[in-house]
Amino acid sequence: MLLERDFYARPAIEVARDCLGKILIFGPPGHAYVYFIYGMYECLNFVAEPEGMAGCVLIRSLEPLAGLATMRRRRPAAKRMEDLASGPGKLTLAMGITRKLNGADLVEGPLQVRRPLDHAPFEIKTTPRIGITHCADWPLRFVIAGNRFVSR
């Protein structure tokens, strides 16, 4: 089931937690904020909060479900399936997400997020943020407990 725009028009912390367990796909038709970092990686964010309020959710990793051959071709250094998209830069490389998708509508654009049809319950674990120094101790990193595809 395609997520509607009101899913994203909430506080970023709620959107971040609720993104867990969803499926990111390309298809006929959110907005994506894709930016270049460290002079080498693109990062994917989902714009959250009501219009006029600042807030984004950095998508740090995903569990590959389809398109594995294409992902492996894009990420030849990944020896294990768990390494294909286990970090923000790895994820965008594996998925072929570039700054060309900056501003893409996540509801009606080429990049979509869906609820799985067989949505099994899972435990959400909150951890300190990683890869930053300012406010790193804030509990704003959400992961599916025990998921082997979580970025380190």
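Side-chain contact between Arg114 and Lys22 is absent, with no heavy-atom pair separated by less than 4.5 Å. Between Ile97 and Leu91 there is a side-chain heavy-atom pair separated by less than 4.5 Å. The closest side-chain heavy-atom distance from Tyr41 to Thr92 is not below 4.5 Å. At least one side-chain heavy atom of Arg72 sits under 4.5 Å from a side-chain heavy atom of Leu84. Looking at heavy atoms from C-beta onward, Phe142 lies out of side-chain contact with Lys125 at the 4.5 angstrom threshold. Contact check for Leu101 versus Pro110: side-chain heavy atoms found under the 4.5 Å cut-off. Considering only heavy atoms from C-beta on, Val47 stays 4.5 Å or farther from Val57 through its side chain.
Tyr38 and Leu93 are not part of a single hydrophobic cluster, where members link through side-chain heavy atoms under 4.5 Å apart. Taken together through direct or relayed side-chain contacts under 4.5 Å among Ile, Leu, Val, Met, Phe, Trp and Tyr, Ile37 and Met40 form part of one hydrophobic cluster. Residues Leu20 and Trp138 share a hydrophobic cluster, clusters being chains of Ile/Leu/Val/Met/Phe/Trp/Tyr side chains in contact below 4.5 Å. A continuous path of hydrophobic side-chain contacts links Ile13 to Phe122 [ILVMFWY only; heavy atoms under 4.5 Å].
In this structure, Lys100 NZ and Glu42 CD are separated by 10.0 Å, a value rounded to the nearest 0.5 Å. The structure places CD of Glu108 at 9.0 Å from CG of Leu2, a figure rounded to the nearest 0.5 Å.
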**OP:** Applying side-chain contact (heavy atoms from CB on, under 4.5 Å), run through Met81 and Leu68 and close with a yes or a no.
**Re:** CA-CA 8 Å; Met81 196 163 100; Leu68 295 177; 3.9 Å; yes

Subject >> Pair Arg5-Asp105, salt bridge (Lys or Arg N to Asp or Glu O under 4.0 Å): steps then yes or no >> reply: CA-CA 9 Å; Arg5 193 163 317 280; Asp105 190 320; 2.7 Å; yes

Original post:
Phe7 and Glu14: side-chain contact (heavy atoms from CB on, under 4.5 Å), yes or no, with the steps?
Top reply: CA-CA 9 Å; Phe7 175 88; Glu14 290 179 23; over 6 Å; no

**OP:** Would you sort out whether Phe46 and Cys19 count as a side-chain contact (heavy atoms from CB on, under 4.5 Å), showing the intermediate values?
**Re:** CA-CA 9 Å; Phe46 295 163; Cys19 279; 3.6 Å; yes

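Counting only distance, with no hydrogens or angles, the side chain of Glu49 and the backbone of Ala12 share a donor-acceptor pair below 3.5 Å. Under a 3.5 Å cut-off, the side chain of Arg75 and the backbone N or O of Asp83 do form a donor-acceptor pair. Proximity of a side-chain donor or acceptor of Asn102 to a complementary backbone N or O of Val34 within less than 3.5 Å is detected. Side-chain N or O atoms of Arg141 include none that pairs as donor or acceptor with a backbone N or O of Thr127 at under 3.5 Å.
When every heavy atom of Leu3 is checked against every heavy atom of Val107, the shortest pair comes out as O-CG2, 3.7 Å. Nearest heavy-atom pair, Ser86 versus Ser61, reported as atom, atom and distance to 0.1 Å: CA-CB, 3.8 Å. When all heavy atoms are compared, the tightest approach of Gly21 to Ile144 is N-CD1, 3.6 Å. Scanning both residues, Thr126 and Pro139, for their nearest heavy atoms gives CG2-O, 3.3 Å. For the residue pair Ala48 and Val15, the shortest heavy atom distance occurs at CB-CG2, 3.9 Å.
For the pair Arg10 and Tyr8, the cation-pi criterion (under 6.0 Å, within 45° of the ring axis) is not fulfilled.
Residue Val150 shares its hydrophobic cluster (ILVMFWY side chains chained together at separations under 4.5 Å) with Val143.
With salt bridges taken as basic N to acidic carboxylate O contacts below 4.0 Å, none links Asp137 and Arg129.
The number of heavy-atom neighbours closer than 6.0 Å to CZ of Phe149, taken from other residues, nucleotides and ligands shown, is above 12.
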